[in-house]
Amino acid sequence: MTPDRENEPPNPPQAVSDRPQPSRTPSDGDDAQKSLKYHLLGPSLTKAGQDAVDQQNVSEVIYNASKGSKFFNNEEVKDKNLTEKINRILSRKRQLEKLDLSHERRKADDYIAELEMGRDLSQVVIHIDCDAFYAAVEELDRPELKDVPMAVGKGVLTTCNYHARKFGCRSGMAGFVAMRLCPQLICLPLNFSKYSAKAEEVRSVLADYDARFESASVDEAYLNLTQYCQDHDLSPEDAVYQLRAEVHEKCKITVSAGIAANAKLAKIASNQNKPNGQFRIASDRQTIMEFMRSLPTRKVNGIGRVFERELDGIGIKTCGDIYAHRAYLSQLFGQKAFQFLMQCYLGLGRTKVQPAEDHERKSVGTESTFRELSAPDDLREKLRHIAEELEGDLKRTEYKGRTLCLKVKLHSYEVLTRQTAPPFAIHLADDLYKYGLPMLERLMKEIPNMKLRLMGLRATHIVSTKKAGIDFFGRHKATASSSKPPAALQTGKGTDDGEWEVWPEAEFEEAARQERDDEMNELEKLSQEQEKEAVSGINEEQWVCPICSLSQPPDDASFNSHIDFCLSRQTIKEAVKSTAPPESPKPQATLATRPPPAKRKAKRGRPKNETVSVDQGREKRRAFFQMPSTGSD
DNA sequence: GCGGATCAC
DNA sequence: TATGGTGATCCGC
């Protein structure tokens, strides 16, 4: 039985963890290849439709299709680093095993008792997930595609139907890899307005069951059916059957559902009987504990490929395995991860379901991938373009950023970020460019002949410019526009959260964006223009060159030439010192004086042996928890 | 606070 | 023959 074992990692993690030796073994090369192949299966391995697939074969095909590419090489490096990290975790665990852990065990038990006291089994929470949504919508227009393998998205699959999944195709997979797995695969271009309209249809049905439902993404939602079941004297199962039938009848697409006492369990449950199925985890402690006991860790939201392998490394394959290791977890993975894992073991999660509109955003950013570029002028032009994109996003969301983050991905797929704090909150393309450029120039100096495949800008520590209908300068804004964006979110427009199936797409945002732009009245536009002028005026007076600290002439052309001039006579180290807050001078100095190739290598190899003395003190971990609103904590 | 990493969607 | 974009969090330093 154990229906979930098909997604277990084929072998590599076990091969490592079962070995008692403290150090590496001769066969690590094989293990490395195995773990890499597992890694290459991608993040959506746990998606439905893969049960009957020969994952061994699929991973061979992916491996062979990717081998030798830059992408592949980067994955290999990441995988190797992870394996070393797991070895450090294991080593740390062996140390802990020699100690008296009764105190840690006691602390864990106390925490479990505390969590148990807060367990709430009174709510009926459901998670609704549309089946292969993009593909399903496309099939409505072209029914003949129902019977053949079909995917949506080119270059990379956004989603695919269940015929395609039988071949091992998955969302997130490179198109050319998918074609190797399934040469007859039909790939359709994305059509967001179509999917958006369909999503609204689905949401209007959901609203009848719980007016305060929560759109988790465009094709997912949480509902609290407690009241509905009471009012209509229905069992949760029957209510959900009815809901799914109604969606099918009105929208002509199928949805899967999970029913449980909290959102975490409901989410897991909705994946059990996909597609077009539902699954209930009964709301009694015994049933929940038994369900979790055999549940592979990866099935839990928040445990991805990396954490799964780390847990597997110390012998945790299912959520039930967590208990036996409770005394180690805090030391090995950190306090947050410890608490998170305890909740997984107990099957606890938030019971609160609410519209996500009150969720205050923390950053606004944009990034894009392009053909490899290395010419400084090209890179500057890209930055300029990204800055303009971001200005648009900041304008629409009505925010300014106190901090600006530059992100680049090298041709090797290595990702680097740099951030800077302008003297005031910025949102105009000119400013975004001005403060972004020194970071870019600095990177170009650090990495001679830098070749990029991606560039992005993100504003963080953002401040709203629309609070209480008063704008940044204290003027009253047009009321229509200041109340509109939240309303759009509330109706589940969801322009800010993740999108269908797996990937948010730029075009999708574009569509929603367009709608809101249309609603912006002339008065508002005028006000924006005035603001822009006012801000630029202030900028010119206040701005000083981050490199030489002299004030600058206002127009872009002279600004650019000045920056070029400045950089040509400044060392990178000095540029860094004046753009960024004071940093520890030693690493900068050594970096700046070391020859370029050595620099790159040193960077790459950093998480290795040399720094072990620092690292092994504590390998902390984990994210999660603060998914958009974890109620039950 | 910064930069790297992980995760979800 | 070319492997995504947006947002969030956590951790070590």
Side-chain angles (χ1 to χ4, degrees), chain A residues 40 42-44 47 62 65-66 68-72 74-75 78 81-82 85 129 133 153-159 171-178 190 215-220 267 300-308 310 333-337 340 359 361-372 389 393 397 403 405-407 409 411 413-421 453-454 456 458-462 494-509 580-584 587 603 606-607 611 614-615 617-628 630:
Chain A
L40 287 169
S44 59
K47 289 282 180 187
I62 298 176
S66 304
S69 69
K70 290 174 176 178
F71 174 81
F72 177 94
N74 186 253
E75 294 296 304
K78 286 198 302 193
N81 288 339
L82 176 57
K85 185 174 170 188
D129 199 335
F133 188 73
K154 49 178 61 167
V156 173
L157 307 193
T158 301
T159 188
S171 50
M173 183 175 278
F176 73 94
V177 174
L190 294 152
S215 295
S217 71
V218 192
D219 75 332
E220 286 181 36
K267 167 81 178 164
V300 179
N301 229 339
I303 299 180
R305 281 181 292 183
V306 172
F307 201 17
E308 177 193 37
E310 292 176 0
F333 301 111
Q335 186 66 14
K336 295 276 184 193
F340 171 68
H359 183 252
R361 75 150 70 214
K362 302 202 164 133
S363 71
V364 180
T366 182
E367 65 187 58
S368 71
T369 297
F370 40 78
R371 176 181 55 87
E372 279 180 18
E389 291 283 310
D393 292 342
T397 52
T403 306
C405 303
L406 174 72
K407 171 180 173 180
K409 193 186 283 180
H411 67 106
Y413 287 85
E414 191 178 356
V415 174
L416 304 173
T417 62
R418 293 293 181 270
Q419 57 179 317
T420 187
R453 72 181 333 272
L454 172 147
R458 175 167 299 273
T460 62
H461 298 104
I462 55 177
T495 57
D496 290 327
D497 47 33
E499 315 295 30
W500 315 81
E501 193 66 21
V502 170
W503 299 358
E505 294 287 341
E507 292 91 326
F508 196 90
E509 279 241 341
E583 302 177 54
S584 62
K603 209 173 188 90
R606 185 174 54 78
T611 57
V614 186
D615 281 352
R618 246 182 205 212
E619 286 289 352
K620 300 238 180 182
R621 201 39 333 160
R622 210 33 7 175
F624 175 55
F625 241 59
Q626 28 288 355
M627 306 298 305
T630 308

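The sequence lines fix the lettering, A, B, ..., with proteins before strands; numbering per chain opens at 1. Side chains are part of it too, since the values below use all heavy atoms of this structure and drop only hydrogens, waters and symmetry mates.
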Roughly, in whole Å, what's the span from [atom1] in [X] to [atom2] in [N]?
X: Leu190(A); N: dG4(C); atom1: CG; atom2: C1'; answer: 11 Å
X: Leu416(A); N: dA5(B); atom1: CG; atom2: P; answer: 9 Å
X: Phe71(A); N: dT1(C); atom1: CZ; atom2: P; answer: 18 Å
X: Lys409(A); N: dG4(B); atom1: NZ; atom2: P; answer: 14 Å
X: Arg453(A); N: dA2(C); atom1: CZ; atom2: P; answer: 11 Å
X: Glu308(A); N: dA8(B); atom1: CD; atom2: P; answer: 11 Å
X: Leu454(A); N: dG5(C); atom1: CG; atom2: P; answer: 6 Å
X: Asp393(A); N: dT6(C); atom1: CG; atom2: C1'; answer: 10 Å

[N], OP1 or OP2 - any side-chain N/O from [X] closer than 4.0 Å?
X: Lys336(A); N: dT6(B); value: no
X: Thr366(A); N: dT6(C); value: yes
X: Thr369(A); N: dG5(C); value: yes
X: Ser363(A); N: dG7(C); value: no

Among residues at least two apart in sequence or on other chains, which ones pass ring pair (Phe, Tyr, Trp, His ring centres under 6.0 Å) with Phe370(A)?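 Testing Phe370(A) for ring pair (Phe, Tyr, Trp, His ring centres under 6.0 Å), a comparison that skips the adjacent residues, returns none.
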Rounded distance (nearest 0.5 Å) linking atom CG of Asp129(A) with atom CD of Glu220(A):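 Atom-to-atom, Asp129(A):CG and Glu220(A):CD are 4.0 Å apart.
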Could you please spell out the steps behind the side chain to side chain contact (heavy atoms under 4.5 Å, CB included) verdict for Thr460(A) and Arg458(A)? CA-CA 6 Å; Thr460(A) 62; Arg458(A) 175 167 299 273; 3.9 Å; yes
Span that lies between the C1' atom of dC7(B) and that of dG4(C), in whole angstrom: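 About 15 Å, rounded to a whole number of Å.
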Select one nucleotide: of dC9(B), dT3(C), dG3(B), the one nearest the side-chain heavy atoms of Arg418(A).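 Taking heavy atoms from C-beta onward, the closest nucleotide is dG3(B).
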Could you pull out all residues at least two apart from Lys154(A) that satisfy side chain to side chain contact (heavy atoms under 4.5 Å, CB included)?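 Testing Lys154(A) for side chain to side chain contact (heavy atoms under 4.5 Å, CB included), a comparison that skips the adjacent residues, returns Pro189(A).
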Ignoring hydrogens and geometry beyond distance, is the side chain of Ser69(A) in donor-acceptor contact with the base of dT3(C) at under 3.5 Å?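 Side chain to base: no pair below 3.5 Å.
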Taking the nucleotide of DNA chain C with the nearest heavy atom to each, does Glu367(A) or Phe72(A) sit closer to the 5' end?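 Nearest nucleotide further toward 5': that of Phe72(A).
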Closer than 4.0 angstrom, basic N to acidic O: yes or no for Lys78(A) and Glu75(A)?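 Judged by the 4.0 Å cut-off on N to carboxylate O distance, Lys78(A) and Glu75(A) do form a salt bridge.
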